[in-house]
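What follows is a single structure, written as structure tokens, with notes after it.
Quick note on labels: first sequence line is chain A, next is B, and so on, each numbered from 1.
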2 protein chains.
Amino acid sequence: MKYPNTKKLITEKALDYFSNNGYAGASIRQIARAVGIRESAIYNHFKSKEEIFLAILSDYKSKSLSTKILNDELLDELDNPEKFLQDFAKRLVEFWNTPKEKKFIRLLLMEQFTKVGSVELSVTEYVNELRGICRLIFSEMVKNNIAKKYDPDILAEQFTAPLFLIRTEHLSREGENNLNKVLEIVRKHVSFFWNSIKI
Amino acid sequence: MKYPNTKKLITEKALDYFSNNGYAGASIRQIARAVGIRESAIYNHFKSKEEIFLAILSDYKSKSLSTKILNDELLDELDNPEKFLQDFAKRLVEFWNTPKEKKFIRLLLMEQFTKVGSVELSVTEYVNELRGICRLIFSEMVKNNIAKKYDPDILAEQFTAPLFLIRTEHLSREGENNLNKVLEIVRKHVSFFWNSIKI
DNA sequence: GTCTATAAGGAGATAGAC
DNA sequence: GTCTATCTCCTTATAGAC
């Protein structure tokens, strides 16, 4: 990969503008200006505004959540379920707090009801990946008599929903200790949750 | 009020377009066409596109949630807490499912990160109204030894978050029995929640 | 209060020189 | 690969007749 990589720069700046102003509210002109080139030069890399959007999406979809959140270190903690859940939630929130992921979640929330070309962004699809991981975890816990015999789907929902709402609510404010505040709320949530399901 | 009320019709159609395409994605031209007048006629009622947006917001903010959800009939059920919570959640979801409220939630989610004029839409503010009502309810339950001694803030969060996520996730799909499906998921959530806090 | 006409500028996109 | 120049269309908004 050579420097400067204009194409990559375009998608980065485009993500900035899309996630702040929405797809319709961002213009090729702004993006080109931010990149430091003229509008017409954009069309050497993408044939349309829509294609920039699709490139951003495709880049995002190429990564899977579980590989970014779950690692062996974390899975070793499964014999201490409360600690595991706390650390799992913490890792998740920290991941959601990375700059690129924050921008993408903002874009997702903004564009979930519009159609850009043939593509529809789905919050459900986004959350479902996490629900799937949680379902596996809670299935194991129920099977091993660590957790009460609830339907794993319900447990996944109860664990996931407050996390996601807390996270999305803290996307706007840009306070310094924003993350610490979120982590504190999340810690209380996980604590309540574990208290509700432990045997 | 005389008929036809063009001004009201404009805000209604504007809400349609804003909530489907976003503020930036909707045009005066579309709105005027939907109303059945020319663009220029719009400016007899509103001095700018932004003012239409602000009128929609101001109309919305004039109403309070608690008066629409809580009534005496419901409050009489407080001695049967599980039934109360189930009916409370049901009323809430049904309210969220009214056409105008659905449009407004869509608009809120889409425009929460943009600034239209000097106004910022806040999801937190929206959810906080519900959190406040829940906090009162759960404070009472804890005080009267109906519920375990949890922090009412946590209880409000745990009760509210899944409801809101479920509701927002079902705003896109327009299935017939969509509402029944949502109500079923909500019923399970409330059941789990009550099971977790009851003494 | 709505119309026609029009202004003034921004949008996405293309052509062709370098 | 970037530039200047340009096209065409759409945007918000205004002026003035009816």
**Study point:** Test ring-ring contact (aromatic ring centres under 6.0 Å, His included) applied to A:F193 - qualifying residues, sequence neighbours left out
**Key:** A:F138, A:F159
Revision key, fill the gap. From the list A:Y23, A:Y60, A:F104, ring-ring contact (aromatic ring centres under 6.0 Å, His included) with A:F18 holds only for A:Y23
Review point. Between B:R91 and B:E94, is there a salt bridge with N-O shorter than 4.0 Å?
Key: no
**Study point:** Residues forming a salt bridge (Lys or Arg N to Asp or Glu O under 4.0 Å) with B:E77, sequence neighbours excluded
**Key:** B:K83
Exercise for review: Only pairs at least two apart or in different chains count here, so list each salt bridge (charged side-chain N to carboxylate O under 4.0 Å, His left out) that has a residue in residues 182-199 of chain B.
Suggested key: B:E184-B:R187
Check your understanding: Using 30° and 60° as the class limits, which term best fits the ring planes of A:Y126 and A:F164: parallel, tilted or perpendicular?
Key -> tilted
Practice item. Could you name each residue pair satisfying salt bridge (charged side-chain N to carboxylate O under 4.0 Å, His left out) that touches residues 13-30 of chain B, not counting sequence neighbours? Key: B:D16-B:K103, B:R29-B:E39
Point to revise | A:H45 NE2 - D:dG1 P separation (whole Å) | key: 6 Å
Might you list the N or O atoms of the protein lying below 3.5 Å from N or O atoms in nucleotides 14-18 of chain C, with each pair's distance?
none

Exercise for review: Send over the distance from A:K49 NZ to C:dA13 P, rounded to a whole Å.
Suggested key: 8 Å
Review point. Can you list, by residue number, the residues of residues 20-37 of chain A that have a non-hydrogen atom closer than 4.0 angstrom to DNA chain C?
Key: A:A26, A:S27, A:I28, A:R29
Check your understanding: If we only count heavy atoms from C-beta on, is the B:I154 to A:H189 side-chain gap below 4.5 Å?
Key -> no
Check your understanding: Which whole-number value in Å describes the distance from B:F18 CZ to D:dT11 P?
Key -> 13 Å
